[in-house]
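Inspection log for the structure reproduced underneath, given as structure tokens.
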Amino acid sequence: MQIDSADVAVKPRSYASISAGLLSVALYVLLVAPIFVFSAIGGQGLGRVIWPGLSPLFHGVSWIAGVFVVTWIMRVRVNREPWSGMALPRPQVLRLLLGAAGGVAAILVAAAVEYQMGWLHIARIDTEAHRGLGKSLWLVLELLPSLAVGFSEELAFRGYVFRTLGERMPVWVAALLMSLVFAALHFSLSGFGVTFVLSVTITSLTLLMLRFASGSLWLPIGFHGAWDWTQTYLVGLSTAGRQGYDPALAQVRQTGPSFWVGNGQAIEAGALFMLIELIVLGLALLYTAVAGRRIAWMCRLD
């Protein structure tokens, strides 16, 4: 399968076209940002007033639906470009599950390494009711908003932002610029800093390569969503030490150096996670080479 027709050399776009693409991306980000906020606040409100389980359900469904609708309007109606450029065909369950398995495995490998190094200590296995719901039910319900993270951020960044930029500038420039924007927009996380931006830029490029390797966004959606769910709700690497709120099944205490394990919610800033991301990136690059899926980084998408 060819990758976005990126191996077809085409004439460079004008500065006006590049400027229009940047403005389109800026408008898109401004439109999807309120969806992220509304879905979270709305879910919390419904969870308090009606039933706690509505919180993750509303959060996940409204997040996915909102980002999908905005992306379709911007891509098809505003930009007047085909939806196929988003690399989001009908759901591909096997690719989604394969990506999810990879995301779970990546976090469990990181946790295992930290544990063997004496940097990770299991404080307790929490099976108590959470917000009035059984722990197992809560963990299952939280799969939906975790999937929404993967779906929304992959469609938004490895889909719309990358494609819109890549149609107007070389693929490598579009990939790097998209990744820097993606990393910078995580500024609200505790532990955010230059190292985190570098690491998440690598993560973004890795997810983009998973899109190239698999031919669609479904594999990186699964990887991304499972990565977030595992680090938050299965093994609480990103919630360790947070006072008053730790929803993880395995609640942990970290004593490792921040250089290796990150800081606060920004665990991806740790060198251990960068190494894991680089390994996945290398495997994706190797697969694309073996499968003959050449990516013309110096050309633009068409």
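Predicted model only: the values in this text are computed from it and were never measured. Worth knowing before you read on, the calculation uses all heavy atoms, side chains too, and leaves out hydrogens, waters and symmetry mates.
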Shortest non-hydrogen separation from [X] to [Y] and the atoms involved:
X: P56; Y: E142; answer: CB-OE2, 3.8 Å
X: F36; Y: S152; answer: CZ-CB, 4.4 Å
X: S146; Y: Y233; answer: OG-CE1, 4.0 Å
X: P247; Y: L139; answer: O-CD2, 4.2 Å
X: G60; Y: A148; answer: O-CB, 3.6 Å
X: S39; Y: S62; answer: CB-OG, 3.1 Å

Between the side chains of R124 and E128, is the shortest nitrogen-to-carboxylate-oxygen separation below 4.0 Å, so that they form an ion pair? yes
Can R75 and E167 be counted as an ion pair, charged N to O under 4.0 angstrom? yes
Just wondering, do [Y] and [X] contact through their side chains at under 4.5 Å, heavy atoms?
X: T71; Y: W83; answer: yes
X: P145; Y: W229; answer: no
X: V171; Y: R300; answer: no
X: N263; Y: F196; answer: no
X: W119; Y: P257; answer: yes
X: F151; Y: F68; answer: yes
X: L272; Y: V113; answer: yes
X: V25; Y: V181; answer: no

Do [X] and [Y] pair up side chain to side chain, a donor and an acceptor below 3.5 Å, judged on atom types alone?
X: S204; Y: S179; answer: yes
X: Y287; Y: S214; answer: no
X: W227; Y: E268; answer: yes
X: E277; Y: S199; answer: yes
X: N79; Y: Y28; answer: no

[atom2] on [Y] to [atom1] on [X], rounded to 0.5 Å:
X: Q231; Y: L108; atom1: CD; atom2: CG; result: 11.5 Å
X: T206; Y: I279; atom1: OG1; atom2: CD1; result: 10.5 Å
X: L144; Y: W63; atom1: CG; atom2: CH2; result: 10.5 Å
X: R168; Y: T164; atom1: CZ; atom2: OG1; result: 6.0 Å
X: D246; Y: Q251; atom1: CG; atom2: CD; result: 4.0 Å
X: H224; Y: L219; atom1: NE2; atom2: CG; result: 13.5 Å

Hphob cluster co-occupancy, [X] + [Y], side-chain heavy atoms under 4.5 angstrom:
X: L177; Y: L27; value: yes
X: F162; Y: L23; value: no
X: I267; Y: I122; value: yes
X: I107; Y: L97; value: no
X: L205; Y: I276; value: no

With F273, the side chain to side chain contact (heavy atoms under 4.5 Å, CB included) member among T203, L237, L278: L237
Parallel, tilted or perpendicular: which describes the rings of F182 and H186, with under 30° parallel and over 60° perpendicular? perpendicular
Students often mix this up, so state it plainly: with edges at 30° and 60°, are the rings of W138 and H130 parallel, tilted or perpendicular? tilted
side-chain contact (heavy atoms from CB on, under 4.5 Å) between E154 and F223, worked out: CA-CA 10 Å; E154 292 312 302; F223 188 94; over 6 Å; no
Determine, stepwise, if the pair L249 / D126 fulfils side-chain contact (heavy atoms from CB on, under 4.5 Å). CA-CA 5 Å; L249 177 64; D126 181 19; 5.7 Å; no
Tell me, with the steps shown, if S24 and Y160 meet side-chain hydrogen bond (donor to acceptor under 3.5 Å, both in side chains). CA-CA 10 Å; S24 180; Y160 184 83; 2.5 Å; yes
Derivation of the side-chain contact (heavy atoms from CB on, under 4.5 Å) call for V252 and H121: CA-CA 6 Å; V252 300; H121 311 274; over 6 Å; no
Start with the C-alpha distance between L88 and W218, add both sets of side-chain angles, then the distance that settles side-chain contact (heavy atoms from CB on, under 4.5 Å), and finish with yes or no. CA-CA 7 Å; L88 190 74; W218 287 109; 3.7 Å; yes
